[in-house]
*Asks:* 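A single structure is presented below for examination.
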Amino acid sequence: MTTTAEPGAGFVLVIYKEVSWTSHDAVARVRRILGQRQVGHGGSLDPLASGVLMMAVGRATKLLPHLVDLPKEYTGTIRFGWRTASGDLGGERVAEAPVPPMARGQVQDAASTFLGRTLQVPPMVSAVKHEGRRLYELARRGVEVERSPRPIDIASFDIRGYDPPRADFEVVCGKGTYIRTLAEDLASRLGTIGVIESLVRSRVGRFEVADACRLISRPCSEREGLLARAIPMSEALGHLPLVRVERKWTHRIRHGAAPPWQALEFDFDPSADQSVRIVGPEGDLLAIGSLSLVPGPAERTLRESLGLRLERVV
C-alpha cells in the first residue's frame, strides 16, 4: 500500500459494497470522498449482495478489463421452494413449490455437475444488452426476451451446510457468472425452485473481503483514510508476469511504441499468448502488453521467436 497516492496518479481500491447499495452508489461515494470524477468499478454487485468491489481511480481505470477478468469467490445461502422475479429476495415472489426430501450430499452432487466450462442463460435483470437495450431496462417494463446461453467457468461449487429449505454455499467462478441464475439452475436440477437469500463476494483474485474498505465509517469515509488504502497499479496487476525496462525506454512506451526485445528483462520464462505488465526501473506501471510469436527462421529458440505488443499504455 501507499500513503502518498493522489487520485490523478491512478491506483486501485478494494471497496466493501454494502447491502442495498448499487455498485454505482459505491462509485458515487468514492467520487465524493476523493473529489475525483474518474472512478470506475470492475464487476457489478446486485443491491442485495455485499462484499468486494474493485475500483480504479484516475489513470488506473484503464486496468478495469484486467480486474474484471479475475476469478471471484462468493458465499451465500439459497432458499429452495421459492422463486422471485429478480432471483433474490429483493424481487416479488412469483412461485412456490415443494422441496423434495434430500440430504446435503445430494445437494452437493447436483452442485458438482456445474463444475468446469458450461453455458448459462443470463437473467432478465442483468446488464447484458439486447438490440442495444440493457436487459434490466426491458425487465422494468415487463418485457422478457429470449437470451442466448453464454459460456461460464465454475472452478468450485461447495455446499457448506444444508438445513431445509436452505443451503449454504461457496462458489469460485470466472467472469460473467450470475450466481442467482446458478442457484435457480441448481434448484431445477434438484426438482424444485430456488432463490438467493444472501450473497457476499468474498474474494476477487487475491483481494479478500477482510481487506476491503468500508465507506460508511472512518478511516475510509474520509479522503486521507481512503487514499492511504490505495494500491499501486503494478501491484494491483500482480497476477500478470512482470517485464522490466530501463528508464531510457519509458518515453517510447508512453508514446505507444514497444521497446526492442533485447531491452526487456523477464523474471519468468516467457511464452506465447501471455499478457504481461511492463514496469519502469522504480516499479511504476507503464503498460500492459502481450507476448506472441513473430515470423522468422524455424531454427530459432522459443525466446527468439517471441515479440512484445503493447495492449494498453497507462
Side-chain angles (χ1 to χ4, degrees), residues 1-14 36 38-43 54-72 117 151 153 155 174-176 203-207 211 227 229-314:
M1 303 290 179
T2 178
T3 58
T4 59
E6 285 298 328
F11 55 84
V12 170
L13 294 166
V14 183
Q36 163 79 356
Q38 195 176 7
V39 180
H41 69 78
M54 302 299 296
M55 287 197 192
V57 180
R59 290 189 292 115
T61 52
K62 295 181 179 182
L63 310 184
L64 285 174
H66 294 272
L67 298 178
V68 170
D69 284 346
L70 291 172
K72 300 171 180 65
R117 193 163 181 82
D153 287 296
K175 69 174 182 178
R203 180 172 59 85
V204 175
R206 61 186 176 83
F207 302 105
D211 301 322
L227 289 175
R229 301 294 295 274
I231 301 170
M233 290 188 288
S234 180
E235 183 182 332
L237 295 183
H239 58 288
L240 297 181
L242 184 70
V243 175
R244 296 185 183 276
V245 296
E246 296 179 5
R247 187 181 307 279
K248 65 180 180 179
W249 299 110
T250 60
H251 181 76
R252 176 171 175 166
I253 292 172
R254 293 195 188 283
H255 283 80
W261 184 260
Q262 297 78 7
L264 307 178
E265 298 178 15
F266 299 91
D267 63 354
F268 63 99
D269 291 327
S271 61
D273 301 321
Q274 277 186 310
S275 290
V276 298
R277 51 188 167 128
I278 305 165
V279 303
E282 280 81 37
D284 51 317
L285 185 69
L286 302 174
I288 301 167
S290 61
L291 305 182
S292 58
L293 295 173
V294 296
E299 63 273 11
R300 296 173 303 167
T301 64
L302 175 60
R303 186 162 182 146
E304 293 170 337
S305 303
L306 294 172
L308 173 68
R309 180 172 63 86
L310 299 186
E311 294 180 350
R312 194 174 299 272
V313 176
V314 297

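Nothing fancy with the numbering, it's 1 onward along the sequence. Values in this document were obtained by computation on a predicted structure and should not be read as measured data.
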*Asks:* For R254, check salt bridge (charged side-chain N to carboxylate O under 4.0 Å, His left out) against everything at least two apart and list the hits.
*Replies:* D284
*Asks:* Do L264 and I278 touch side chain to side chain, with heavy atoms closer than 4.5 Å?
*Replies:* no
*Asks:* Could you list the residues that satisfy salt bridge (charged side-chain N to carboxylate O under 4.0 Å, His left out) with R244, not counting sequence neighbours?
*Replies:* none
*Asks:* Taking side chain to side chain contact (heavy atoms under 4.5 Å, CB included) as the definition, give me every residue that meets it alongside P151, ordered by chain and number, with sequence neighbours left out.
*Replies:* R117, L119
*Asks:* What is the distance from atom CD of E235 to atom CG of L285, rounded to the nearest 0.5 Å?
*Replies:* 12.0 Å
*Asks:* Please list, chain by chain and in numerical order, all residues satisfying side chain to side chain contact (heavy atoms under 4.5 Å, CB included) with S292, sequence neighbours excluded.
*Replies:* none
*Asks:* Can you measure from NE2 (H66) to CZ (R312) and round to the nearest 0.5 angstrom?
*Replies:* 6.0 Å
*Asks:* Go through the structure and list residues passing side chain to side chain contact (heavy atoms under 4.5 Å, CB included) with A263, not counting sequence neighbours.
*Replies:* W249, P259, P260
*Asks:* Can you list the residues that meet the side chain to side chain contact (heavy atoms under 4.5 Å, CB included) rule with A236, with sequence neighbours excluded?
*Replies:* V12, I231
*Asks:* For a 4.5 angstrom cut-off between non-hydrogen side-chain atoms, does L291 reach V243?
*Replies:* no
*Asks:* For G289 and L308, work out which heavy atoms get closest and say how close.
*Replies:* CA-CD1, 4.2 Å
*Asks:* Please name the pair of heavy atoms, one in S234 and one in G283, separated by the smallest distance, quoted to 0.1 Å.
*Replies:* CB-O, 3.6 Å
*Asks:* Mind checking whether L67 and V204 have side chains closer than 4.5 Å, heavy atoms only?
*Replies:* no
*Asks:* List the residues meeting side chain to side chain donor-acceptor pair (under 3.5 Å) with Q262, not counting sequence neighbours, and say none if there are none.
*Replies:* none
*Asks:* I'd like to know if the side chain of Q274 reaches the main chain of S271, judged simply by a donor and an acceptor atom lying under 3.5 Å from each other, with no hydrogens or angles considered.
*Replies:* yes
*Asks:* Per the ring pair (Phe, Tyr, Trp, His ring centres under 6.0 Å) rule, what does the pair list look like for residues 267-290, sequence neighbours excluded?
*Replies:* F266-F268
*Asks:* Answer yes or no: are there more than 12 heavy-atom neighbours, outside D269 itself, under 6.0 Å from its atom CG?
*Replies:* no
*Asks:* Going by the rule side chain to side chain donor-acceptor pair (under 3.5 Å), which residues pair with T61 if we only count those two or more places apart in sequence or in a different chain?
*Replies:* Q38
*Asks:* Answer yes or no: is there a donor N or O on one side and an acceptor on the other, between the side chain of R229 and the main chain of D211, under 3.5 Å?
*Replies:* yes
*Asks:* Would you indicate whether the side-chain heavy atoms of L13 and F207 approach each other to under 4.5 Å?
*Replies:* no
*Asks:* Supply the atom-to-atom distance K72 NZ to R203 CZ, rounded to the nearest 0.5 angstrom.
*Replies:* 10.5 Å
*Asks:* Roughly how far, to the nearest 0.5 Å, is the CG atom of L63 from the CZ atom of R277?
*Replies:* 11.5 Å
*Asks:* With sequence neighbours excluded, what pairs up with E265 under the side chain to side chain donor-acceptor pair (under 3.5 Å) test?
*Replies:* none
*Asks:* With a 4.5 Å limit on heavy-atom distance, are the side chains of V276 and L240 in contact?
*Replies:* no
*Asks:* Looking at every non-hydrogen atom in both residues, tell me the closest pair between E311 and S290 and how far apart they are.
*Replies:* OE2-CB, 2.9 Å
*Asks:* Within a 6.0 Å radius of atom NZ on K175, are there more than 12 heavy atoms belonging to other residues, nucleotides or ligands?
*Replies:* no
